[in-house]
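Remarks on the structure that follows.
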2 protein chains.
Amino acid sequence: MTQDAVDAHLTRWRAVLPDLDPDVEAVVTRMEHLVRHLRRVKERTLAEYRFAPYEYATLHALAGRGGNATPSELTADLTISAAAMTGRLDALEQRGYVRRTHSAADRRRVDVELTESGRAAWVSALNVQGVEEQRILGVLSEGELVDLANTLRRVLLVAEAGE
Amino acid sequence: MTQDAVDAHLTRWRAVLPDLDPDVEAVVTRMEHLVRHLRRVKERTLAEYRFAPYEYATLHALAGRGGNATPSELTADLTISAAAMTGRLDALEQRGYVRRTHSAADRRRVDVELTESGRAAWVSALNVQGVEEQRILGVLSEGELVDLANTLRRVLLVAEAGE
DNA sequence: CCATAGTATTTCGGTACCGAACTATTCGGC
DNA sequence: GCCGAATAGTTCGGTACCGAAATACTATGG
């Protein structure tokens with residue numbers, strides 16, 4: 001079987017740390033590599049659409065809530081600080097992708113709305129998303145892919161339970 | 001089968017984007033969640049040892065090279081900018097964890113050396129690493145774990161080939 | 001050997017982020 | 001109804017990062 005970068009990584013580290021479990025380490029490190037790979041490809045794609053990753057992520061979260069949300073909701077969805085969200089919305093408002101209005105019902109709150117131009121920008125970048133995911137996971141058969149998804153669910157449930 | 005956070009995520013997004021492949025999306029999103037989960041647990045652990053994540057990562061890279069390396073090597077290993085590495089080494093030198101000396105052979109170069117105190121700090125934090133990885137992957141049998149590692153290798157090889 | 005090109009590292013200017021302090025508004029108990 | 005506690009959002013001070021310019025040195029071609 002051909003070696004990947006993680007096999008090399010493991011060989012190197014086993015010399016320094018003989019005690020680590022090679023299979024556990026291999027699984028964790030491969031997931032880290034795959035996630036980073038997809039993130040990089042995504043960032044390159046977004047750059048073509050003149051998007052910073054955080055700008056796209058914010059529009060994506062807003063679109064996921066139907067184009068209307070409060071800063072708090074977006075802050076929670078993206079797990080960033082409230083201060084960071086203020087900065088992101090300032091920039092997106094500047095570019096005309098979102099609109100902020102004080103809520104009439106509760107004047108502490110702000111309603112963030114995706115503009116037409118914001119939605120158009122999001123969709124155009126979205127349409128090329130997922131291509132790389134399909135490409136790399138396409139090496140697996142449909143059955144293998146489903147098995148993989150189910151195996152990862154079992155692991156994630158343990159992770160979530162330990163929070 | 002019990003639902004995890006990703007099942008909920010998928011249900012929510014399929015309403016907005018009917019075209020996405022649920023199995024591909026499930027695998028990718030679960031890997032992202034697992035990697036983030038492990039990163040968070042690790043950061044919490046490191047905080048107990050008064051380590052910022054980037055400080056530990058730098059010592060770890062240095063230890064992985066036997067305790068001696070140049071800033072360029074560490075920069076490449078961690079894929080950060082050279083400027084960032086200068087800042088990290090400044091901080092680590094301040095805390096007495098590394099020592100910088102001008103290389104005698106090539107005076108442009110700097111030799112970074114892990115001090116005794118630096119190695120001790122690294123080892124103490126290292127000893128509790130991997131516990132969470134073992135815990136969540138412990139739900140799989142040894143055979144399932146090996147299968148998972150091999151499946152991910154196949155996927156990662158495709159990712160690496162596409163660079 | 002000298003000029004030029006190349007390399008290793010640091011410095012500089014600017015950005016996104018976080019936690020904490022602050023402002024404006026609403027809620028809850030008396 | 002009023003006052004203190006709670007909540008939504010923004011502002012502020014500080015940090016780690018990046019890309020580019022600067023610095024210091026080494027290699028190379030004539």
Side-chain angles (χ1 to χ4, degrees), chain A residues 36 39-40 42-44 46-62 65 68-95 97-114, chain B residues 36 39-40 42-44 46-62 65 68-95 97-114:
Chain A
R36 189 171 16 172
R39 184 166 44 74
R40 287 200 183 134
K42 189 170 177 176
E43 283 173 14
R44 256 192 308 235
L46 290 177
E48 292 169 20
Y49 288 87
R50 311 274 176 231
F51 265 128
Y54 65 91
E55 287 177 319
Y56 177 78
T58 310
L59 289 189
H60 193 67
L62 186 52
R65 286 192 173 261
N68 272 286
T70 64
S72 310
E73 288 168 337
L74 298 174
T75 293
D77 289 352
L78 297 171
T79 51
I80 61 174
S81 71
M85 183 54 67
T86 296
R88 290 185 179 194
L89 293 176
D90 285 348
L92 288 172
E93 199 167 32
Q94 198 84 32
R95 292 183 65 178
Y97 291 158
V98 307
R99 219 185 337 265
R100 272 190 279 200
T101 49
H102 281 282
S103 165
D106 181 344
R107 291 173 43 74
R108 290 169 303 182
R109 280 195 293 177
V110 167
D111 282 325
V112 182
E113 189 191 356
L114 192 59
Chain B
R36 188 168 18 164
R39 184 167 45 73
R40 285 199 185 137
K42 189 170 176 177
E43 282 173 14
R44 258 194 305 238
L46 289 177
E48 292 169 20
Y49 288 88
R50 310 273 176 233
F51 265 128
Y54 64 90
E55 288 177 320
Y56 177 79
T58 310
L59 289 188
H60 193 67
L62 186 51
R65 286 193 174 260
N68 271 286
T70 65
S72 309
E73 288 169 338
L74 298 174
T75 293
D77 290 351
L78 297 171
T79 53
I80 62 173
S81 72
M85 183 53 68
T86 296
R88 290 185 179 194
L89 292 176
D90 286 349
L92 289 173
E93 199 168 30
Q94 199 83 30
R95 293 182 65 176
Y97 291 157
V98 306
R99 216 181 344 259
R100 269 191 282 199
T101 49
H102 281 283
S103 163
D106 182 342
R107 289 171 47 73
R108 288 171 304 185
R109 280 194 293 178
V110 168
D111 282 326
V112 182
E113 189 191 356
L114 192 59

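Here the structure is a predicted model, which means the values were calculated and not measured. The chains referred to below are lettered A, B, ... by the order of the sequence lines, with proteins before strands, and numbering in each begins at 1.
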Non-neighbouring partners of A:Arg107 that pass salt bridge (charged side-chain N to carboxylate O under 4.0 Å, His left out), sequence neighbours left out:
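Counting only residues at least two positions away or on another chain, A:Arg107 forms no salt bridge (charged side-chain N to carboxylate O under 4.0 Å, His left out).
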By salt bridge (charged side-chain N to carboxylate O under 4.0 Å, His left out), B:Arg108 pairs with (sequence neighbours left out) B:Asp106
Can you list everything that forms a side chain to side chain contact (heavy atoms under 4.5 Å, CB included) with [X]? Sequence neighbours excluded, please.
| X | value |
| --- | --- |
| B:Ala84 | B:Ile80, B:Ser81 |
| A:Tyr56 | A:Lys42, A:Leu46, A:Phe51, A:His60, A:Trp122, A:Ala125, A:Leu126, A:Gln129 |
| B:Thr101 | B:Asp111 |

For [X], side chain to side chain donor-acceptor pair (under 3.5 Å) partners two or more places apart:
| X | value |
| --- | --- |
| B:Arg65 | B:Asp77 |
| A:Glu43 | none |
| B:Asn68 | none |

Tabulate protein N/O versus nucleotide N/O from nucleotides 1-6 of chain C, keeping only pairs under 3.5 Å, one per line.
from	atom 1	to	atom 2	distance (Å)
C:dG6	N2	B:Arg108	NH1	2.8

Contact list please: residues 46-58 of chain A against DNA chain D, heavy atoms, distance less than 4.0 Å, in numerical order.
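Within residues 46-58 of chain A, no residue comes under 4.0 Å of DNA chain D.
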Sorted by number, the residues of residues 78-91 of chain A with heavy-atom contact under 4.0 Å to DNA chain C
A:Ile80, A:Ser81, A:Ala83, A:Ala84, A:Arg88
Which pairs count as salt bridge (charged side-chain N to carboxylate O under 4.0 Å, His left out) when at least one residue sits in residues 49-59 of chain A, sequence neighbours excluded?
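Checked against salt bridge (charged side-chain N to carboxylate O under 4.0 Å, His left out) - neighbours excluded - the pairs reaching residues 49-59 of chain A are A:Glu55-A:Arg95.
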Just call it for A:Ser103: base, sugar-phosphate, or nothing, with non-hydrogen atoms closer than 4.0 Å on any strand.
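Since no nucleic acid heavy atom lies under 4.0 Å of A:Ser103, the category is nothing.
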Expressed in angstrom and rounded to an integer, what is the separation of [X] atom [atom1] from [N] atom [atom2]?
| X | N | atom1 | atom2 | answer |
| --- | --- | --- | --- | --- |
| B:Leu74 | C:dT9 | CG | C1' | 13 Å |
| B:Arg109 | C:dT7 | CZ | P | 13 Å |
| B:Arg107 | C:dT9 | CZ | P | 13 Å |
| A:Arg40 | D:dC18 | CZ | P | 11 Å |
| B:Leu92 | D:dA16 | CG | P | 11 Å |
| A:Asp106 | D:dT7 | CG | P | 12 Å |
| B:Gln94 | D:dT15 | CD | C1' | 15 Å |

Taking A:Asp90's backbone N and O only, do any of them form a donor-acceptor pair with A:Glu93's side chain (distance below 3.5 Å, no angle check)?
no
Hey, mind stepping through B:Arg88 and B:Thr58 against side chain to side chain donor-acceptor pair (under 3.5 Å) and telling me if it holds?
CA-CA 8 Å; B:Arg88 290 185 179 194; B:Thr58 310; 3.2 Å; yes
